[in-house]
Amino acid sequence: MKIATWNINGVKARLDTVLSWLEQSQPDITCFQEIKSVDENFPREAFEAAGYHLETHGQKGFNGVAILSKFPFDEVNCGLPGDDDDEQSRFIEGVFSTDRGVLRIVSLYLPNGNPVDSPKFPYKLSWLERLHAWAEARLELEEPLVLAGDYNVIPMPKDCHDPAVWEGDALFRPESRRAFRRLANLGFTDAVRAVTDEHGVYTFWDYQAGAWQKNNGIRIDHLLLSPEAARHLEGAEIEKYVRAWEKPSDHVPVVIDIAA
DNA sequence: ATGGTGGACGTTCCA
């Protein structure tokens, strides 16, 4: 069973690219971020024609998340609990039945948080606190659970090309890294770090200044696995070849393989 | 010193 996460940076601009990738990679479940579309305008027929069920949680212009699945949805929940005033579409949860039993998947898009002297940074930190509380409660279910998405957090210095450049940035601030570490320490496994300790393993390269050509990247797209999911983990891959395609997203898909 | 790149929206914001 292949489960993927990918910040596609706009479904309208990326439709052909995403469909080509789906055909090539053949994931069973895919979490999208930054669909940048309202639900009514999401090109769902193209994905249904490719054999997928689809649930979206979009908004106008920015943000927006979705889950694509070869399994029908037993349940879907939109929005991260904990703040009724939060109108940004950054969280969707799907529940599926597989041969092995229940499987719970989240597609999340954490706030960027820059600039750090604006309200955006405390919004990011409060969002992380809400995610922590939500995840702690969900772990009590003792189910296979995958929290997949663009966390906008560089967990460790080795997760970026040049830590000095990121000093002070919301993606690398100690508060952001600490919150991510605390979340993971609830009992999650960072799937990519379960298979490699290497420096220079990235999921995002900026469009500017030839970042891709210079491999000036960061690792900010993560799949956190509950113990019940992690014990079946068979592999994790960053499909970086997609970054070299025409009209790429600035992020690439991260794909895990779970025994199913 | 400036702008650097890209998507969506609408004459600017977000990343």
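Throughout, a chain's letter reflects where its sequence line sits, starting with A, and its residues are numbered from 1. The analysis underlying the following values was restricted to heavy atoms, covering all of them including side chains, and did not include hydrogens, waters or symmetry mates.
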Query raised in the report: How many angstroms lie between atom CD of E34(A) and atom CG of D250(A), to the nearest 0.5 angstrom?
Result: 7.5 Å

Query raised in the report: When the P atoms of dA1(B) and dG7(B) are considered, how many whole Å apart are they?
Result: 31 Å

Report task. Report yes or no: do W21(A) and E239(A) form a side-chain donor-acceptor pair below 3.5 Å? Result -> yes

Query raised in the report: Expressed in whole Å, how much space separates the C1' atoms belonging to dC9(B) and dC13(B)?
Result: 9 Å

Query raised in the report: Does a side chain donor of either K120(A) or N114(A) reach within less than 3.5 Å of an acceptor in the other side chain?
Result: no

Query raised in the report: How are the rings of H161(A) and Y202(A) set relative to one another: parallel (under 30°), tilted (30 to 60°) or perpendicular (over 60°)?
Result: perpendicular

**Report entry** Working for salt bridge (Lys or Arg N to Asp or Glu O under 4.0 Å), residues R130(A) and D86(A)
**Finding:** CA-CA 11 Å; R130(A) 288 160 57 199; D86(A) 185 0; 2.9 Å; yes

Report summary line: From the list V146(A), D74(A), L141(A), side chain to side chain contact (heavy atoms under 4.5 Å, CB included) partner of R104(A) resolves to L141(A)

Report summary line: Test side chain to side chain contact (heavy atoms under 4.5 Å, CB included), reference T5(A), set H251(A), Q33(A), H222(A), output is Q33(A)

Query raised in the report: Taking atom P in both dT5(B) and dT11(B), what distance in whole Å separates the two?
Result: 25 Å

Report task. Measure the distance from CG on D206(A) to C1' on dG3(B) and round it to the nearest whole Å. Result -> 13 Å

**Report entry** Integer angstrom distance from the C1' of dG4(B) to that of dG10(B)
**Finding:** 24 Å

Query - dG3(B) to dT12(B) separation - P atoms, rounded to the nearest Å - result: 16 Å

Report task. Provide, to the nearest angstrom, the distance between the CG atom belonging to N216(A) and the P atom belonging to dT5(B). Result -> 14 Å

Report summary line: Once base and sugar-phosphate atoms are separated, protein heavy atoms under 4.0 Å mark nucleotides 8-15 of chain B, 5' to 3', with B, S and - as SSS--BSS

Query - Nucleic acid contacts of residues 156-177 of chain A, taken as heavy-atom distances under 4.0 Å to DNA chain B - result: none

Query - Nearest-angstrom distance from the residue atom CD1 of I8(A) to C1' of dG6(B) - result: 14 Å

Query raised in the report: Any donor and acceptor pair, going by atom type alone, linking the side chain of S249(A) with main-chain N or O of N7(A) inside 3.5 Å?
Result: yes

Report task. Classify the angle between the aromatic ring planes of W134(A) and F91(A) as parallel (below 30°), tilted (30 to 60°) or perpendicular (above 60°). Result -> perpendicular

